[in-house]
Protein chains: 2
Amino acid sequence: MVFNLGVLGALASDRFAGRVEALGIKPKHAALLAALDDGSAASQQELATRLGVVPSLIVALADQLQELGAVERVRDPEDRRRQMLTLTAEGRRLLARCAETAEAVDADLTDGLTPAQRTALARHLRTLGERQLPH
Amino acid sequence: MVFNLGVLGALASDRFAGRVEALGIKPKHAALLAALDDGSAASQQELATRLGVVPSLIVALADQLQELGAVERVRDPEDRRRQMLTLTAEGRRLLARCAETAEAVDADLTDGLTPAQRTALARHLRTLGERQLPH
DNA sequence: CTGAATCATTCGAGCTGTGAACGATATGGA
DNA sequence: TCCATATCGTTCACAGCTCGAATGATTCAG
């Protein structure tokens with residue numbers, strides 16, 4: 001079961017990566033956009049802990065998203081060491097397209113399953129995620 | 001759902017990797033041992049295609065497993081270019097411990113689920129795997 | 001017998017993520 | 001006020017992983 005879960009997860013991630021590549025980004029960028037979407041503005045340090053990655057990685061991701069016009073960097077007037085990241089309108093558009101991509105991959109993945117099987121699988125994965133993942 | 005599947009798969013793989021590290025190997029080694037177990041002896045080339053990796057990777061994996069005494073390399077008398085890999089008794093022991101490890105990770109992952117939920121999840125993953133994975 | 005193909009192996013290259021330094025700023029205590 | 005210490009963002013060099021091309025040995029076809 002671990003192996004099944006492992007390879008299926010890798011398969012799903014690869015397919016998503018392959019599709020968002022057409023948007024000029026990688027899955028990590030999408031994760032950053034999603035993290036910015038709920039909670040709005042946030043310092044890069046906070047985003048690093050929220051995503052569970054090292055701060056230097058946020059720098060690279062934010063650089064590239066900034067070039068795409070998806071995020072803006074603004075110095076926090078309260079603490080001028082902090083760079084506050086915010087989603088732009090373009091960033092929200094990009095995030096929406098990421099969501100569409102995810103749904104397309106979902107449909108692709110569950111192709112051939114009955115609607116009942118599909119929802120049952122989604123429910124099981126959700127409960128497993130709630131038990132295993134920090135939230 | 002893609003994201004849930006992706007992160008859960010990565011989580012499962014990481015946990016398995018962390019545990020088999022105590023056996024001195026990595027998940028890829030376990031995959032190679034498992035591939036050798038059904039089908040017995042096989043050339044490295046064949047194993048490469050069977051596992052979907054490049055032949056040069058098999059070389060490194062076989063080197064390390066040979067050092068552990070888990071596999072043996074024997075030139076095929078029919079075609080002296082081929083190196084036939086075979087499991088040793090030690091290799092079978094190692095594979096058995098990998099299986100135990102996988103079960104432990106399974107138990108860990110499904111901790112808190114009812115037996116019914118557990119089997120339902122396993123069944124769903126299996127059907128999804130049969131539909132999506134080449135076999 | 002010779003040229004092309006196949007197998008295992010080695011080696012170099014690209015990509016990713018990490019950890020250590022650094023400069024700028026902030027904070028707390030003498 | 002001043003100084004030591006901590007924090008934030010950034011850069012950079014480095015290790016780990018996998019792939020692809022080149023090599024040598026061997027086999028096969030004509």
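To find a chain, count down the sequence lines: A is the first, B the second, and so on, and within it residues start at 1. These numbers come from a predicted model, not from an experiment.
Heavy atoms of B/Arg73 sit under 4.0 angstrom from primed sugar atoms or phosphate atoms, though from no base atom.
Checking A/Arg82 against A/Asp63, the closest nucleotide of DNA chain D that is more toward the 5' end is the one next to A/Arg82.
In terms of hydrophobic clustering, with Ile, Leu, Val, Met, Phe, Trp and Tyr side chains grouped at heavy-atom distances under 4.5 Å, B/Leu36 and B/Leu57 are assigned to a common cluster. A/Val59 and A/Leu61 are members of different hydrophobic clusters when ILVMFWY side chains are connected at heavy-atom separations under 4.5 Å.
A salt bridge between B/Arg15 and B/Asp108 is present, with a side-chain N of the basic residue lying under 4.0 Å from a carboxylate O of the acidic one.
Residue A/Gln45 contributes atom CD, which lies 15 Å from atom P of D/dA6 at whole-angstrom precision. The nearest whole Å value for the distance from the CD1 atom in B/Ile58 to the C1' atom in C/dC7 is 13 Å. Distance, A/Glu46 CD to D/dT7 C1': 14 Å, rounded to whole Å. Atom pair A/Gln83:CD and C/dA24:P shows a separation of 14 Å (rounding to whole Å applied). The distance between atom CG of B/Leu65 and atom P of C/dA8, rounded to the nearest whole Å, is 16 Å. With rounding to whole Å, A/Leu61 atom CG is found 15 Å from D/dT11 atom C1'.
Side-chain atoms of B/Thr88 come within 3.5 Å of backbone atoms of B/Ala70 as a donor-acceptor pair (strictly under, hydrogens ignored).
Contact check for B/Ile25 versus B/Gln64: no side-chain heavy atoms found under the 4.5 Å cut-off.
Paired with B/Leu5 under the rule side-chain contact (heavy atoms from CB on, under 4.5 Å), one option of A/Leu128, A/Leu109, A/Asp106 passes, and it is A/Leu109.
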Protein within reach of the bases, or only the backbone? For nucleotides 16-30 of chain D, mark each nucleotide 5' to 3' as B, S or -, using heavy atoms under 4.0 Å. -SSSB-----BS---
